[in-house]
Amino acid sequence: SKEAFEKAVAELDAAIPTLQPHQVVVRLQQIAALVGDGHTGVHTPDAFKRYPVALWWFGNELRVTGAGKEYPQALGARVLEIGGMPLDEVQARVSRCFPSAENENAWYVLSTSVAFLTMPEVLQTLGVVPDLGPATFTLQADGGEPFDLAITPVALAQENVGPALRLTPAVREEPLFRQRMNEAFWFTYLPES
C-alpha cells in the first residue's frame with residue numbers, strides 16, 4: 001500500500017545517518033521490492049563486490065556451478081550455510097530484496113536470488129555475514145562430510161565483467177542453454193532431434 005511504502009521510505013530516511021552507503025542501496029532494494037513488480041527495482045552498483053562462486057538452484061538444493069581457481073573444492077558442492085546461517089534463512093532474507101513469488105513466480109525468485117547470495121554488501125546488510133571480508137560457506141560434496149570454506153570477495157574489475165567472472169565451471173561442458181549467455185538471440189540445429 002501507499003502507506004506501507006511511505007513508512008518504509010521514512011524509516012530509511014531516518015536511518016541514513018547511521019548506515020553505510022551499501023546498506024542504503026540494499027534498503028532501497030527492499031523498498032522497491034514492496035512494489036511487487038519484477039520490473040521495479042534498484043540496480044546493484046558495479047562497486048559491489050562478489051564472492052567468486054557461481055550458484056544455481058537444483059530443486060531445493062543450491063549448488064556451486066563455478067568457482068574461482070582458489071576454490072576447486074567448492075565445485076559441484078551443495079551450499080548448506082553462509083556465515084553460519086542455514087541456507088533457508090539466508091534465502092528468506094535475500095528474497096526481501098526483490099519481488100516475492102507471491103507477485104512474480106518461484107523461478108524468478110530462485111534465479112534472482114543466486115546473484116544476491118554472492119554479494120557481501122547484501123549479505124552484510126541483511127545480517128548474514130558480519131563484514132565485507134571473507135565469508136564462510138558451509139558446503140557438502142556428494143557423499144562427503146560438510147566443510148567450511150572461507151571465500152574472499154573480489155571487485156568486479158572491468159576485465160572481469162562477464163557471465164562467469166572467469167570462474168572454473170563445475171561441468172566439462174555447459175548445458176546448451178548456458179553456452180552463449182552473452183548473445184540475446186541465437187540458435188543451434190540439433191540434427192538428431
Side-chain angles (χ1 to χ4, degrees), residues 20 22-33 38 41-68 70-141 146-156 160-171 174 178 181:
Q20 297 174 46
H22 70 271
Q23 294 171 319
V24 174
V25 172
V26 175
R27 296 275 300 270
L28 285 169
Q29 289 173 326
Q30 291 175 311
I31 291 171
V42 174
H43 288 277
T44 303
D46 290 339
F48 276 28
K49 293 184 176 184
R50 303 294 191 282
Y51 298 110
V53 291
L55 306 173
W56 197 251
W57 289 98
F58 295 88
N60 292 326
E61 292 184 350
L62 182 66
R63 296 278 181 155
V64 178
T65 59
E70 308 89 345
Y71 310 106
Q73 65 274 45
L75 290 171
R78 189 169 67 126
V79 179
L80 304 176
E81 297 179 349
I82 301 175
M85 184 177 289
L87 184 60
D88 57 346
E89 175 61 23
V90 177
Q91 177 71 353
R93 291 181 185 205
V94 164
S95 294
R96 292 184 216 134
C97 294
F98 47 84
S100 69
E102 296 169 4
N103 306 108
E104 287 293 330
N105 62 63
W107 298 112
Y108 172 85
V109 171
L110 294 175
S111 65
T112 302
S113 70
V114 293
F116 286 83
L117 290 167
T118 61
M119 294 183 213
E121 291 85 354
V122 170
L123 298 181
Q124 186 272 334
T125 301
L126 300 175
V128 175
V129 297
D131 55 47
L132 302 179
T136 300
F137 283 70
T138 303
L139 307 171
Q140 184 175 23
F147 64 95
D148 289 340
L149 184 62
I151 300 178
T152 302
V154 296
L156 284 180
N160 288 336
V161 175
L165 285 172
R166 294 186 180 159
L167 304 178
T168 302
V171 295
E174 290 284 349
R178 296 192 53 85
M181 299 296 286

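Bear in mind the structure is a predicted one, so any value in this text is a computation, not a measurement.
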Atom of [X], atom of [Y] and distance for their closest heavy-atom approach:
X    : Y    : value
A170 : G76  : CB-N, 3.7 Å
P146 : T138 : CB-CG2, 4.3 Å
A74  : V64  : O-CB, 3.2 Å
A77  : Q73  : CB-O, 4.4 Å
P99  : G38  : CG-N, 3.7 Å

For the [atom1] atom of [X] and the [atom2] atom of [Y], what is their distance to the nearest 0.5 Å?
X   : Y    : atom1 : atom2 : value
I31 : C97  : CD1   : SG    : 11.0 Å
R93 : D88  : CZ    : CG    : 11.0 Å
E81 : D148 : CD    : CG    : 7.5 Å
L80 : F147 : CG    : CZ    : 9.0 Å

Any idea how F98 and F116 line up, ring-wise: parallel (<30°), tilted (30 to 60°), or perpendicular (>60°)?
->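 Answer is tilted, since the angle falls between 30° and 60°.
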Reference residue L75; test side chain to side chain contact (heavy atoms under 4.5 Å, CB included); the match among V171, T168, T65: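 So, applying the side chain to side chain contact (heavy atoms under 4.5 Å, CB included) to L75 and each of V171, T168, T65, only T168 qualifies.
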- Quick one: which of V26, L156, L132 gives a side chain to side chain contact (heavy atoms under 4.5 Å, CB included) with F48?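 Of V26, L156, L132, side chain to side chain contact (heavy atoms under 4.5 Å, CB included) with F48 is met by V26 alone.
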Is the distance from the ring center of Y51 to that of F137 below 6.0 Å?
yes
Self-check item: L139 vs V79, side chain to side chain contact (heavy atoms under 4.5 Å, CB included): CA-CA, chis, key distance, verdict
Solution: CA-CA 5 Å; L139 307 171; V79 179; 3.7 Å; yes
Residues 117-129 side chain polar contacts: donor-acceptor under 3.5 Å, at least two apart:
{"unit_1": "T118", "atom_1": "OG1", "unit_2": "A115", "atom_2": "O", "d": "2.9"}
{"unit_1": "E121", "atom_1": "OE1", "unit_2": "K49", "atom_2": "N", "d": "3.2"}
{"unit_1": "E121", "atom_1": "OE2", "unit_2": "K49", "atom_2": "N", "d": "3.0"}
{"unit_1": "Q124", "atom_1": "OE1", "unit_2": "H22", "atom_2": "NE2", "d": "2.6"}
{"unit_1": "Q124", "atom_1": "OE1", "unit_2": "Q23", "atom_2": "NE2", "d": "3.4"}
{"unit_1": "T125", "atom_1": "OG1", "unit_2": "E121", "atom_2": "O", "d": "2.8"}

Determine all donor-acceptor pairs shorter than 3.5 Å in which one atom belongs to a side chain in residues 52-62; sequence neighbours excluded.
{"unit_1": "W57", "atom_1": "NE1", "unit_2": "S113", "atom_2": "OG", "d": "3.1"}
{"unit_1": "E61", "atom_1": "OE1", "unit_2": "R63", "atom_2": "NE", "d": "3.1"}
{"unit_1": "E61", "atom_1": "OE1", "unit_2": "R63", "atom_2": "NH2", "d": "2.8"}

Practice prompt. Take L110 and Q91 through the test side chain to side chain contact (heavy atoms under 4.5 Å, CB included) and record every step on the way to the result.
Written response: CA-CA 9 Å; L110 294 175; Q91 177 71 353; 4.1 Å; yes
- Query: Side chains of R96 and Q30: do they bring a donor and an acceptor to under 3.5 Å?
  - Reply: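 The answer is no; no qualifying pair exists.
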- Any side-chain heavy atom of L87 sitting closer than 4.5 Å to one from R78? no
